[in-house]
Amino acid sequence: MPAYDNAAIATALDDFGDLLEIAGEDRYRFLSYHKAAHAVRAWDEDIMATALAGRLTEIPGIGTKIAAIIESLLKSGVFPGMDEVTSRVPASVIELMRIQGLGPKKAKVLFDELAIASIEDLEEAIAEGRLTGLPGFGVKTVENISEGIDRYRTLSARILLADALPLAEKLAEELRTLPGVVEADYAGSIRRMKETVGDIDVLVAAEDGPAVMAAVRELPIVTEVLLSGETKTSVMTTSGRQADVRVVSPECWGAALQYFTGSAEHNVHMREIAKSRGLKISEYGVFRVADDERVAGNTEEEVYAALGMPTMPPEVREDAGEIELALEGRVPDLVTTDDIRGDLHSHTTATDGRSTLEQNRARAAELGYEYLGCSDHAYDLRMVGGLDLADLEAQWAKIDELNALTDGGPVLLKSIELNIGDEGGVDYSEEVLARFDYCIASLHHGFSQSREQATRRLLVAMENPYVDIIGHPTGRLLGRRDPFDLDMEAVIAKAAETGTVLELNAHPERLDLNDVHLRMARKAGVRIAIDTDAHEAMQFGQLRWGVATARRGWISAAEVLNAQPLSSMLSALKRNRATR
DNA sequence: GCCGTTTTCGGCCCGACTGTTTTCAGTCG
């Protein structure tokens, strides 16, 4: 029986919606499945728990029908109605819609007329020239589809935020130097700081749009122009990534920035509210429907204010409750990098780090940190030379020595990154564990273990009174390794019960916990530690990606362990709590 | 299919670009 979590349910609903669309069903019917999918993805409780409590219809966009589908999926793995739809359109046709330029209508024509049901079928048909003469498939369209297949093959992987953001900044910078450009900035999922992004959205304010579009096509960073009109140009860049550049007149800057920052779901919800109040929002501004009078749009603040809302940070614009909050006049209080007082997870040359303790300390001092946790790998991680007792004594002596300095540097804390064994045990005896200031414990092996075993390992580890923090809890590496199959509801409940802190590992490939898990943790009252897991001193700068993800998870400074001053940080640790 | 300080029925977000359909449909974000 496949275990359905929120993401799996959402994918099933999305697929079903796609199939209904290709099958030519009513627009609002298939849209409701996509809407429900998005709501499930953003829901900060395990869908199974919600279903067991009979509260599925409390999820916005889920009524009795979709609730019944979810219940059936959870109970028996059966999607009611799926057989009927797949008898008309095979599920593999969904794949065709992943090609840029190929939507449901064309996918349906390809299937109905030529029985094309996969990208392989499509390539074959194009090679044999079977698409010529098909209504709606002219020479240019077929050419575009061919190129779309190539792009799908080579670029299906999304780009890490940490790689995309510098590119977007560079592009925006180049655009700002163009004559007539008043403002230029990146928008889209990059501005929302999503952990991975598909393409790069940059917005320009200028009076003469066509002139700017012409200049964009000639930028040195551009290798190919995919499309270009008076207000929008899509290009391939030297980095092999697609960028969409749009130009608006300067007085529309705020409305356009709001519009192109998204998310799509956030905007749809905004426009629905606008409509119910006799207003209309577009990238050009907020308009009264009655007389087409423009009432706002110069700044983002104006746009939100026109709907009676404060401006919410881009990171939370996912239609995950932020609009309802804003309608009450509130915005989530989010942690910032300035709130961070120290890093609790770092490695040195004693194991697999590339900087010394002194170098790490110097960098932490530059960042103005109050404390720095030295957490090299523990004994059982033999391949990186995990520390034995003698190594620990040596490191502690060094730490004592550095802490005796009066140069205003950060306090070094004696820590360790323990390995969680197959039964939840860790590297050292309790006697040794008690000598650390605190301990982090992480899963480092057994990625193919069952959900039961992997989850049990974490639960047992958290029962250990000396395991204060769980490091990179799900173990994912974006685009490279799937997370452990974990019952996150149980993990978070156990963290809350035992007072264990969960790490938000700030490494751009990890960002683990993710935004959804962070919201679950926050709801359960679990503290978060935002750590870089730095393996060299320069990597302390990666904290920004962790803070960005924390903000996406609605985390405030009060909920972040290492946003507290040293004394209260220490007294918040599980091992130092008065009652255990 | 969902939903309700207009509504339990009749609505359901907005606009640009492309290619081909002589006036607009399909796709995208």
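Reminder, nothing fancy here: chain letters follow the sequence lines and each chain counts from 1.
- Nucleic acid contact for Leu31(A): none, since no nucleic acid atom lies under 4.0 Å from a heavy atom of the residue.
- Atom CG in Leu226(A) sits roughly 16 Å away from atom C1' in dA16(B) (whole-Å rounding).
- Ring orientation note: the planes of Tyr33(A) and Phe79(A) are tilted relative to one another, at an angle of 30° to 60°.
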Can you name the atoms? Protein N/O to nucleotides 4-12 of chain B N/O, anything below 3.5 Å, with the distance.
residue : atom : partner   : partner atom : Å
dC12(B) : OP1  : Lys275(A) : NZ           : 2.8

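- Spacing between dC9(B) and dC14(B) at atom C1', rounded to whole Å, works out to 25 Å.
- Rounded to whole angstrom, the span from the CG atom of Asp18(A) across to the P atom of dC28(B) amounts to 11 Å.
- Listed by residue number, the members of residues 182-194 of chain A with any heavy atom below 4.0 angstrom from DNA chain B form an empty set.
- At dC17(B), one or more side-chain N or O atoms of Thr231(A) fall inside 4.0 Å of OP1 or OP2 (strictly under the cut-off).
- Closest to the side chain of Lys232(A), from the set dC17(B), dG1(B), dT20(B), is dC17(B).
- Among the nucleotides dC17(B), dG1(B), dG15(B), the one closest to the side chain of Glu230(A) is dC17(B).
- With sequence neighbours excluded, no residue forms a side-chain hydrogen bond (donor to acceptor under 3.5 Å, both in side chains) with Thr64(A).
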Please output the side-chain donor-acceptor pairs of residues 192-216 of chain A that fall under 3.5 Å, not counting sequence neighbours, one pair per line with the distance.
residue   : atom : partner   : partner atom : Å
Arg192(A) : NE   : Glu318(A) : OE2          : 2.7
Arg192(A) : NH1  : Thr261(A) : O            : 2.7
Glu195(A) : OE1  : Arg476(A) : NH2          : 2.8
Glu195(A) : OE2  : Arg476(A) : NH1          : 3.2
Thr196(A) : OG1  : Arg158(A) : NE           : 3.0
Asp208(A) : OD1  : Ala211(A) : N            : 3.4

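- Partners of Lys232(A) according to the side-chain contact (heavy atoms from CB on, under 4.5 Å) rule, which considers only residues two or more places apart in sequence or in another chain, are Leu227(A), Ser234(A), Arg246(A).
- No more than 12 heavy atoms of other residues, nucleotides or ligands shown are found within 6.0 angstrom of CD on Glu173(A).
- Rounded to a whole Å, the CE atom of Met213(A) is 13 Å from the C1' atom of dC17(B).
- Taking the P atom of each, dG26(B) and dT22(B) are spaced 14 Å apart, rounded to whole Å.
- The interatomic distance linking Arg294(A) (CZ) with dC14(B) (P) rounds to 16 Å, in whole Å.
- One P atom belongs to dG4(B), the other to dT8(B), and the distance between them is 13 Å to the nearest Å.
- His269(A) places its NE2 atom 23 Å from the P atom of dG29(B), with the value rounded to the nearest Å.
- Considering only the side chain of Tyr284(A), dA16(B) comes nearest among dG1(B), dA16(B), dG29(B).
- For dT20(B) and dT27(B), the C1' atoms lie 14 Å apart once the distance is rounded to whole Å.
- Note on Thr141(A): a side-chain N or O is less than 4.0 Å away from OP1 or OP2 of dT20(B).
- For the pair Leu279(A) and Phe137(A), both in contact range of DNA chain B, the more 5′-proximal nearest nucleotide belongs to Leu279(A).
- dC2(B) and dT6(B) have their P atoms separated by 23 Å, with the value rounded to a whole Å.
- Within the 4.0 angstrom heavy-atom criterion, no nucleotide atom of any strand lies near Lys35(A).
- For Arg27(A), the side-chain contact (heavy atoms from CB on, under 4.5 Å) test picks out Phe30(A), Leu31(A), with sequence neighbours left out.
- Checked against side-chain contact (heavy atoms from CB on, under 4.5 Å), Phe287(A) has the following partners two or more places apart in sequence or in another chain: Lys280(A), Ser282(A), Tyr284(A), Asp292(A), Arg294(A).
- Counting non-hydrogen atoms under 4.0 angstrom, Ser228(A) reaches the backbone sugars and phosphates but no base.
- Among residues two or more places apart in sequence or in another chain, the salt bridge (Lys or Arg N to Asp or Glu O under 4.0 Å) test is passed with Glu489(A) by none.
- Comparing atom distances between the Asp199(A) side chain and each of dG29(B), dA16(B), dC2(B) picks out dG29(B) as nearest.
- A donor-acceptor pair under 3.5 Å links the side-chain atoms of Asp512(A) to the main chain of Thr474(A), judged by distance alone.
- Using P as the reference atom, dC17(B) and dC12(B) are 25 Å apart when rounded to the nearest Å.
- Looking at residues two or more places apart in sequence or on another chain, you find a side-chain contact (heavy atoms from CB on, under 4.5 Å) between His269(A) and Glu272(A), Ile273(A), Asp319(A), Ile323(A), Glu324(A).
- The base-pairing partner of dC24(B), taking Watson-Crick or G-U wobble contacts with both distances under 3.5 Å, is dG19(B).
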Validation: residues 103-113 of chain A side-chain donor-acceptor distances under 3.5 Å, sequence neighbours left out:
residue   : atom : partner   : partner atom : Å
Lys108(A) : NZ   : Asp112(A) : OD2          : 3.0

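- Near DNA chain B, meaning a heavy atom under 4.0 Å away, the residues from residues 102-119 of chain A are Leu102(A), Gly103(A), Pro104(A), Lys105(A), Lys106(A).
- Within the nucleic acid shown, Ile145(A) has no heavy atom closer than 4.0 Å to any nucleic acid atom.
- The distance from atom CG of Asn144(A) to atom P of dT27(B) is 13 Å, rounded to the nearest whole Å.
- Rounded to whole Å, the C1' atom of dT5(B) lies 24 Å from the corresponding atom of dG1(B).
- Here the P atom of nucleotide dC14(B) and the OH atom of Tyr259(A) are 10 Å apart, to the nearest Å.
- The side-chain hydrogen bond (donor to acceptor under 3.5 Å, both in side chains) search around Glu293(A) returns none, not counting sequence neighbours.
- Ile9(A) contributes atom CD1, which lies 10.0 Å from atom CD1 of Ile69(A) (distance to the nearest 0.5 angstrom).
- Taking for each of Val142(A) and Val268(A) the nucleotide of DNA chain B with the nearest heavy atom, the 5'-most of the two is the partner of Val268(A).
- Following rounding to the nearest Å, Gln258(A) (CD) and dG15(B) (C1') show an atom-to-atom distance of 14 Å.
- The number of heavy atoms from other shown groups lying within 6.0 Å of CD (Glu143(A)) is above 12.
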